[in-house]
Student: 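Okay, here's the structure, questions in a sec.
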Amino acid sequence: MLKIWYYCGIEYMKDAPSYFDHVYEDEWIIDPLVKEMILDVDLSTVISAHVIESPVLGAITPKELSGGVKVLILMLKDDSFVYNMSNCGDNCAKWILKIAAQKDLTVYLQHILRFDGDFNIMIMNTGKIVHNRKEYVNALLEAEGMANER
């Protein structure tokens, strides 16, 4: 299940893209799910663990991937931290839900990310489990209100 802390004082990884550059492993990049995420989010094709073909940049290394993809890979492969989902755009939302379907995933968020369809997300600030976009937005606004009261 995806668990989101929204605008609160928990500890989280503040610069996940830079962290990724120093800890990623070759095996991560050639994982079929990671390849699919890179193709979908960055429109780039993994050739090998060291070469990714970008339609904009040409041949790149994993260090030149977008911050959003780097955070997705870390969420999937490295449970060392709570990651800041605010590094991700809306094009990462479906992947975050897919990762959370495979494992318990707790993240931090500072903006409203667009999740589509039906889902199960717990807003940790309130303990509420939401199932659709309307419930999700209302729960985030409630959590933000609680944070502003402090």
Student: Looking only at atom types and distance, does a side-chain atom of Ser86 sit under 3.5 Å from a main-chain N or O of Leu109, one as donor and one as acceptor?
Tutor: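 Not at all, since once roles are kept as given, no pair shorter than 3.5 Å links the two residues.
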
Student: Please lay out, stage by stage, how Gln110 and Tyr7 fare under the test side chain to side chain contact (heavy atoms under 4.5 Å, CB included).
Tutor: CA-CA 6 Å; Gln110 293 175 308; Tyr7 272 112; 4.2 Å; yes

Student: Does Lys103 reach the main-chain N or O of Leu76 with its side chain, forming a donor-acceptor pair under 3.5 Å?
Tutor: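 Yes, Lys103 side chain to Leu76 backbone: donor-acceptor pair under 3.5 Å.
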
Student: Decide side chain to side chain contact (heavy atoms under 4.5 Å, CB included) for Leu2 and Ile4; before the verdict, give the C-alpha distance in whole Å, the side-chain angles of both, and the deciding distance to 0.1 Å.
Tutor: CA-CA 7 Å; Leu2 178 59; Ile4 298 174; 4.0 Å; yes

Student: Quick check: do Pro62 and Ile52 have side-chain heavy atoms less than 4.5 Å from each other?
Tutor: yes

Student: Sub-3.5 Å donor-acceptor pair from the side chain of Tyr136 to the main-chain atoms of Leu113, do we have one?
Tutor: yes

Student: Please say yes or no: joined through hydrophobic side-chain contacts below 4.5 Å, possibly via intermediate residues, are Leu141 and Ile123 part of one cluster?
Tutor: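 Both belong to a single hydrophobic cluster.
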
Student: Enter the distance from Trp5:CH2 to Met85:CE here, rounded to the nearest 0.5 Å.
Tutor: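 The CH2 atom of Trp5 sits 14.0 Å away from the CE atom of Met85.
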
Student: So, Asn87 side chain and Asn84 main chain: donor-acceptor pair closer than 3.5 Å or not?
Tutor: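 Here the side-chain-to-backbone pair exists.
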
Student: Taking atom CG of Asn125 and atom SG of Cys8, what is their separation to the nearest 0.5 Å?
Tutor: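 So the CG of Asn125 and the SG of Cys8 are separated by 4.5 Å.
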
Student: If you define the side chain from C-beta out and look only at heavy atoms, does anything of Asp40 sit under 4.5 Å from Asn91?
Tutor: no

Student: At what distance, to the nearest 0.5 angstrom, does OG of Ser44 lie from CG of Leu39?
Tutor: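 Ser44 atom OG to Leu39 atom CG measures 8.0 Å (nearest 0.5 Å).
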
Student: Hey, what do you get for NZ (Lys128) to CG (Leu140), rounding to the nearest 0.5 Å?
Tutor: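 Going from NZ on Lys128 over to CG on Leu140, the span is 11.0 Å.
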
Student: Do any N or O atoms from the side chain of Asp90 and from the backbone of Arg114 form a donor-acceptor pair under 3.5 angstrom?
Tutor: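 Side chain of Asp90 to backbone of Arg114, a donor-acceptor pair under 3.5 Å: yes, one is there.
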
Student: Please examine the side chains of Val56 and Asp42, heavy atoms only from C-beta on, and report whether any two atoms are closer than 4.5 Å.
Tutor: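 Sidechains of Val56 and Asp42: no contact.
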
Student: Tell me, do Asp118 and His131 make a side-chain contact under 4.5 Å, heavy atoms counted?
Tutor: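 Result no, sub-4.5 Å side-chain heavy-atom pair not found.
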
Student: Between Phe81 and Ile96, is there a shared hydrophobic cluster once you connect ILVMFWY residues whose side-chain heavy atoms come closer than 4.5 Å?
Tutor: yes

Student: Linking I/L/V/M/F/W/Y whenever their side-chain heavy atoms sit closer than 4.5 Å, directly or via other members, would Tyr83 and Tyr108 fall into one cluster?
Tutor: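 No, it is not one cluster - the side chains of Tyr83 and Tyr108 are not joined through contacts under 4.5 Å.
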
Student: Going from CE on Met75 to CG on Asp79, what distance comes out if it is rounded to the nearest 0.5 angstrom?
Tutor: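 Spacing of CE (Met75) from CG (Asp79) equals 11.5 Å.
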
Student: Using the rule given for side chain to side chain contact (heavy atoms under 4.5 Å, CB included), can you reason through Phe115 versus Arg133, listing the C-alpha separation, both sets of side-chain angles and the distance that settles it, and then say yes or no?
Tutor: CA-CA 6 Å; Phe115 291 103; Arg133 187 179 312 142; over 6 Å; no

Student: Going through the checks in order, is the side chain to side chain contact (heavy atoms under 4.5 Å, CB included) test met by Leu105 and Lys3?
Tutor: CA-CA 6 Å; Leu105 180 63; Lys3 298 175 183 174; over 6 Å; no

Student: Fit a plane to each ring of Phe20 and Trp28, take the angle between them on a 0 to 90° scale, and name the class: parallel (under 30°), tilted (30 to 60°) or perpendicular (over 60°).
Tutor: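 Judged by the thresholds at 30° and 60°, the geometry between Phe20 and Trp28 is tilted.
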
Student: Can you give me the closest heavy-atom contact between Leu43 and Pro55, atom names plus distance?
Tutor: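 Closest approach of Leu43 to Pro55, heavy atoms only: O-CD, 3.0 Å.
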
Student: Report yes if some heavy atom in the side chain of Met13 is under 4.5 Å from a heavy atom in the side chain of Tyr19; otherwise report no.
Tutor: yes

Student: To the nearest 0.5 angstrom, please state how far the CG atom of Leu33 sits from the NZ atom of Lys77.
Tutor: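 Separation between the atoms: 7.5 Å.
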
Student: Checking the side chain of Glu64 only, and the main-chain atoms of Thr61 only, is there a donor and an acceptor separated by less than 3.5 Å?
Tutor: yes

Student: Is the backbone N or O of Lys63 less than 3.5 Å from a side-chain atom of Lys70, with the two atoms forming a donor-acceptor pair by type?
Tutor: yes

Student: Could you report the tightest heavy-atom contact between Ile29 and Ser48, atom names first, then the distance?
Tutor: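 Between these two residues, the closest heavy atoms are CG2-O, 4.1 Å.
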
Student: Decide yes or no on salt bridge (charged side-chain N to carboxylate O under 4.0 Å, His left out) for Lys94 and Asp116, but give the supporting numbers first.
Tutor: CA-CA 8 Å; Lys94 73 178 183 183; Asp116 291 321; over 6 Å; no

Student: According to a 4.5 Å side-chain heavy-atom criterion applied to Ile, Leu, Val, Met, Phe, Trp and Tyr, with indirect links allowed, do Ile129 and Ile112 form part of one hydrophobic cluster?
Tutor: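 In one cluster: no.
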
Student: In terms of hydrophobic clusters joined by side-chain contacts under 4.5 Å, are Val137 and Val107 together?
Tutor: yes

